[in-house]
Amino acid sequence: MSEVTVLSAARQRGAMPLRGRSYMAFALTPEPPIADWLGELDAWLRGSSGFFAGRPVVLDLSAVTLTSSAIAHLISELGARGIRIMGLEGVAAEKLGPGLPPLVTGGRPAPVEAISPKSEPVSSARDSEPTSLVVESPVRSGQSIFFPDGDVTVLGSVGSGAEVIAGGSIHIYGTLRGRAMAGTSGIRKARIFCTRLEAELLAIDGYYRTAEDLDATLLGKPVQAWLAGETLNLSEID
Amino acid sequence: MGKVIVVTSGKGGVGKTTSTAALGAALARSGHNVVVVDFDVGLRNLDLVMGAERRVVFDLINVVQGVAKLPQALIRDKRLETLYLLPASQTRDKDALTEEGIARVIADLRSRFDWVICDSPAGIERGATLAMRFADEAVIVANPEVSSVRDSDRIIGLLDSKTEKAERGERMAKHLLIARFDPARATRGEMLGIQDVLEILSIPLLGVIPESEEVLRASNLGAPITICGQQSAPAHAYMDAARRLAGEEIEMSIPTEKRGLLTKLFGRRAA
């Protein structure tokens, strides 16, 4: 991403003063061969479709040598992918015809902040591939594991006062002493499994049982919990 | 370069300060250069347990703020010449501690001593998180009862997330010291057993200190139990724990119920 200075005209009592403004823009830097670079771009966009939609993008041509018709072709290729080019960088001014975006200079590198390409395609990822989270250490008192996108597996115990919240099922290879809440995204078929039950609270899709309502004969045993109608059922796993 | 140990627990009154003093003195007795640091700003106690309260001039806050130099604030123990105390301030509060200041003082102590043992205040607030912030290893003091064990679990979680070592992606070594263990009450089920505590916390055991009046007596005398009550059972347990901390392999001895001749004869349990 680079900072681009754009001059804007503002009308003021007959005069036409020009004011400078700085904006943030993404800088795309094609590398030869262009066809391969476009292929890489396509692959990246598949995971982050719509990432560039409505965002200002500057094309940095310093790494390639292109004729003005090739530049126009590249810009139309990018346009077909939903990327609108607002300016060009790293190219001789005489190559730019009237049909091409203007040359911008003086761009400075800037950090890409608060935009993670992975955060957007969550919904599409959920449709295509199931996700799960594996926690390889005990969940200690006061810690909260929140994973709305799928199953959570804990290799270790969940301490008293700790909680595990999952959109899907919860698997605990250890003692469950804290809270486990499964199916929080409305998945009623989610289940909770643990190798030793001493839980403070179990819940699936909002239906819950506290320690007081748990069958005392199941305490200390390997147990699974599932939802049938509006009842949270528990049984020993043998 | 010395090793920085934080003695912490979450819950108050479980024996952090007593254990800091006892472990510090035990290490110093085996020839190590040791400093015990009181982080309990506003509620200092370590100076009393070390018997140095009448010699405090400067304290940790003074050093953190640059009012005093470190050697001016360090108090040498009268009984063990390799044991030092860096006292806390009683008149200030924990907001006077800055992270940069603590980092500087800890780095300075680390270059002067083999062991820097930090006595954490109770709780999980600023004082406690700053005490653990720059530690290399942690000693978690727990009593065999549910509230203490749960608080310890919470502290272990913080050690794994809020310390500099954890933020560098390294794993902090943790040692469990079970204090105030009463074998008779554990047998009767009035206290958690050692195995229960170990199962819940799942960190290695450094030692089990039996509940004893000797410990209280030592505290009131202003001497670590490993100095003034060397022959007592808790002193032995602390000496062994200190040697384990220093890397020695010593067989773990779990305190067992003492039965008098009469109770044995009549086959009854000691009440």
Side-chain angles (χ1 to χ4, degrees), chain A residues 111 116 133-147 152-166 170-181 192-202 210-214 216-223 236-237, chain B residues 6 8-12 14 120 122-126 128-129 132 138-163 165-176 189 191-205:
Chain A
S116 87
L133 176 74
V134 178
V135 181
E136 297 199 44
S137 55
V139 184
R140 303 285 183 179
S141 180
Q143 292 180 333
S144 177
I145 305 287
F146 178 65
F147 188 70
V152 174
T153 307
V154 180
L155 302 175
S157 296
V158 177
S160 163
E163 60 185 17
V164 178
I165 304 165
I170 297 175
H171 307 258
I172 294 159
Y173 293 92
T175 309
L176 170 57
R177 298 191 180 86
R179 301 164 154 229
M181 288 167 255
I192 299 170
F193 305 87
C194 62
T195 44
R196 201 176 137 97
L197 179 79
E198 285 174 26
E200 290 166 352
L201 184 139
L202 295 172
T210 60
E212 239 177 36
D213 309 324
L214 296 178
T217 60
L218 291 174
L219 294 183
K221 303 230 166 73
V223 163
E236 192 176 341
I237 311 169
Chain B
V6 60
T8 185
S9 71
K11 193 174 189 301
V14 297
S120 168
I124 52 172
E125 281 77 36
R126 188 172 170 78
T129 48
M132 68 170 67
V139 171
I140 291 114
V141 184
N143 294 161
E145 40 136 336
V146 281
S147 59
S148 169
V149 170
R150 181 159 81 179
D151 290 0
S152 297
D153 198 40
R154 179 92 164 93
I155 280 289
I156 296 170
L158 294 179
L159 287 166
D160 282 334
S161 58
K162 296 281 161 86
T163 53
K165 210 167 180 184
E167 282 170 11
R168 285 199 303 264
E170 295 168 37
R171 195 154 189 86
M172 178 178 288
K174 292 173 278 289
H175 312 275
L176 176 63
M191 251 183 185
L192 292 175
I194 304 293
Q195 281 312 319
D196 300 327
V197 181
L198 283 174
E199 210 262 318
I200 294 173
L201 295 179
S202 56
I203 56 170
L205 185 61

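Each chain gets a letter, A, B and so on, in the order the sequences are listed, and its residues count up from 1. Every heavy atom of this structure was used, including side-chain atoms; hydrogens, water molecules and symmetry mates were not.
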Okay, B/Leu159 and chain A: the region with an atom under 4.5 Å from a heavy atom over there is neither
When the 4.5 angstrom heavy-atom criterion is applied to A/Thr175 and chain B, the contacting part is side chain
Between the OG atom in B/Ser152 and the CZ atom in A/Arg140, the distance rounded to the nearest 0.5 Å is 10.0 Å
So OG of A/Ser157 and CD1 of B/Ile200: to nearest 0.5 Å the spacing works out to 9.0 Å
Worksheet entry | B/Arg168, CZ atom: more than 12 neighbouring heavy atoms under 6.0 Å | yes
Original post:
Given side chains that start at C-beta, do those of A/Arg196 and B/Glu199 come closer than 4.5 Å, heavy atoms only?
Top reply: yes
Rounded to the nearest 0.5 angstrom, the CZ-OG distance for B/Arg154 and A/Ser160 is 11.5 Å
- Give a yes or no on whether a salt bridge exists between A/Glu200 and B/Arg150, defined as a side-chain N under 4.0 angstrom from a carboxylate O. yes
For A/Ser141, does its backbone N or O pair with a side-chain atom of B/Asp153 as donor and acceptor, under 3.5 Å?
yes
Notebook entry, point to check: So does B/Lys162 have more than 12 non-hydrogen atoms from other groups sitting under 6.0 Å from NZ?
Noted result: no
Please determine whether the number of non-hydrogen atoms from other residues, nucleotides or ligands lying under 6.0 Å from atom CD of A/Glu212 exceeds 12.
no
